[in-house]
Amino acid sequence: MRLRPVRPAGWWWDGLLLAALVALTVALASGHLFGLDRAVADWSAAHRPTAVRWIAMALNLLGQGTPLTLLAAGLGVLLALRVRSVRAVLPPVTAFVLTFFTIGPLKVWTARPAPSASVKEPFLPPEQTLPLFQHDLPVRFAQSYPSGHVANAIVWYGVLALLLAPLLRTVGRAVPARLITVVRVAPPAIVFCTTVYLGWHWITDSVAGLLLGLLLDRLLRRVPWNALPLPARLGAWGRPADGLD
């Protein structure tokens with residue numbers, strides 16, 4: 001069983017992403033970059049007319065983890081039925097496991113409030129909304145780092161792009177490579193910008209979500225879905241799924 005190639009090739013890029021995430025976390029834990037976070041948050045708050053705010057809120061829905069999970073699972077099941085192979089559901093299941101055991105635990109461990117925590121519950125002083133590891137706060141008020149919207153968008157749109165081409169192929173339609181790129185890139189970019197603009201995350205939260213999401217996406221793209229060993233009792237349903245190579 002050989003891993004699938006990714007670009008840039010090699011594990012050095014994965015190591016770089018992980019090192020950058022660790023370095024960013026250490027910097028924030030040491031009290032650095034707070035000035036950048038505050039400056040971006042203050043600029044966004046001063047340039048947020050009502051109409052633009054509503055547009056940004058609508059666009060930010062592109063990063064909602066639960067709907068993306070259900071959509072990817074639905075596409076996986078539909079593809080599995082059309083190609084008669086359970087392998088089509090492996091990408092969304094694996095993505096769910098990866099995101100569940102990384103994004104959530106990191107949020108709880110780092111315990112950072114969002115910028116909006118100073119203007120709504122728990123109404124913290126502005127300077128107290130910046131530090132990490134505020135475990136004295138209720139969990140629901142300290143889950144800003146890393147941005148789950150950004151990380152989820154990268155992972156789940158990558159899974160959707162993986163499933164979209166073989167699914168449309170079953171009805172005789174081809175998906176241009178450029179469209180696949182747009183699916184993978186545009187929604188995460190929109191979610192990154194709107195999340196910061198709306199003051200729902202510090203910019204360093206979104207950068208951390210970007211780093212984590214790219215790392216998880218590269219891990220998922222390496223998986224040889226059609227070569228994974230499956231139980232023999234699945235019979236013909238364990239056959240390779242065309243397009244997942």
### Message
Taking side chain to side chain donor-acceptor pair (under 3.5 Å) as the cut-off, I'd like each qualifying pair that reaches into residues 157-166, sequence neighbours left out, listed once.
### Response
none

### Query
What residue pairs, at least two apart or across chains, pass side chain to side chain donor-acceptor pair (under 3.5 Å) with a residue in residues 184-193?
Arg184-Asp217

Quick one: does [X]'s side chain have a donor or acceptor within less than 3.5 Å of a partner on [Y]'s backbone?
| X | Y | answer |
| --- | --- | --- |
| Arg87 | Ala241 | no |
| Arg239 | Arg84 | yes |
| Gln128 | Pro113 | no |

If we only count heavy atoms from C-beta on, is the [X] to [Y] side-chain gap below 4.5 Å?
| X | Y | answer |
| --- | --- | --- |
| Phe34 | Pro131 | yes |
| Trp202 | Val40 | no |
| Leu124 | Phe141 | no |
| Val150 | His201 | no |

Could you tell me which non-hydrogen atom of [X] sits nearest to which non-hydrogen atom of [Y], and how far apart they are?
| X | Y | result |
| --- | --- | --- |
| Ile154 | Gly209 | CD1-O, 4.3 Å |
| Val182 | Pro187 | O-CD, 3.4 Å |
| Asp242 | Pro166 | O-CB, 3.2 Å |
| Val155 | Leu220 | CG1-CD1, 3.7 Å |
| Leu212 | Pro146 | CD2-CG, 4.0 Å |

Applying side chain to side chain donor-acceptor pair (under 3.5 Å), can you list everything that pairs with [X], at least two apart in sequence or on another chain?
| X | value |
| --- | --- |
| Arg38 | Thr129 |
| Thr195 | Asn60 |
| Gln64 | His149 |
| Arg53 | none |

Which side-chain N or O atoms in residues 21-33 pair as donor and acceptor under 3.5 Å with protein atoms at least two apart or in another chain?
{"unit_1": "Thr25", "atom_1": "OG1", "unit_2": "Leu21", "atom_2": "O", "d": "2.8"}
{"unit_1": "Thr25", "atom_1": "OG1", "unit_2": "Tyr145", "atom_2": "OH", "d": "2.7"}
{"unit_1": "Ser30", "atom_1": "OG", "unit_2": "Val26", "atom_2": "O", "d": "2.9"}

Should [X] and [Y] be regarded as members of a common hydrophobic cluster, given that ILVMFWY residues are connected when their side-chain heavy atoms come within less than 4.5 Å of each other, either directly or indirectly?
| X | Y | value |
| --- | --- | --- |
| Leu70 | Trp156 | no |
| Leu18 | Val207 | yes |
| Leu228 | Leu234 | yes |

### Task
Tell me, please, which residues at least two apart from Asp205 pass salt bridge (charged side-chain N to carboxylate O under 4.0 Å, His left out).
Arg112

### Summary
Applying salt bridge (charged side-chain N to carboxylate O under 4.0 Å, His left out) to Arg48 and not counting sequence neighbours gives none

Show me the side-chain donor-acceptor pairs of residues 167-179 shorter than 3.5 Å, one per line, residues at least two apart or across chains.
{"unit_1": "Thr170", "atom_1": "OG1", "unit_2": "Arg82", "atom_2": "NE", "d": "2.9"}
{"unit_1": "Thr170", "atom_1": "OG1", "unit_2": "Leu167", "atom_2": "O", "d": "2.4"}

### Query
Do any pairs count as a ring pair (Phe, Tyr, Trp, His ring centres under 6.0 Å) and have a residue in residues 46-100, sequence neighbours left out, and if so which ones?
Trp43-His47, Phe96-Phe100

### Query
Sequence neighbours excluded, which residues qualify as ring-ring contact (aromatic ring centres under 6.0 Å, His included) partners of Trp109?
Phe133

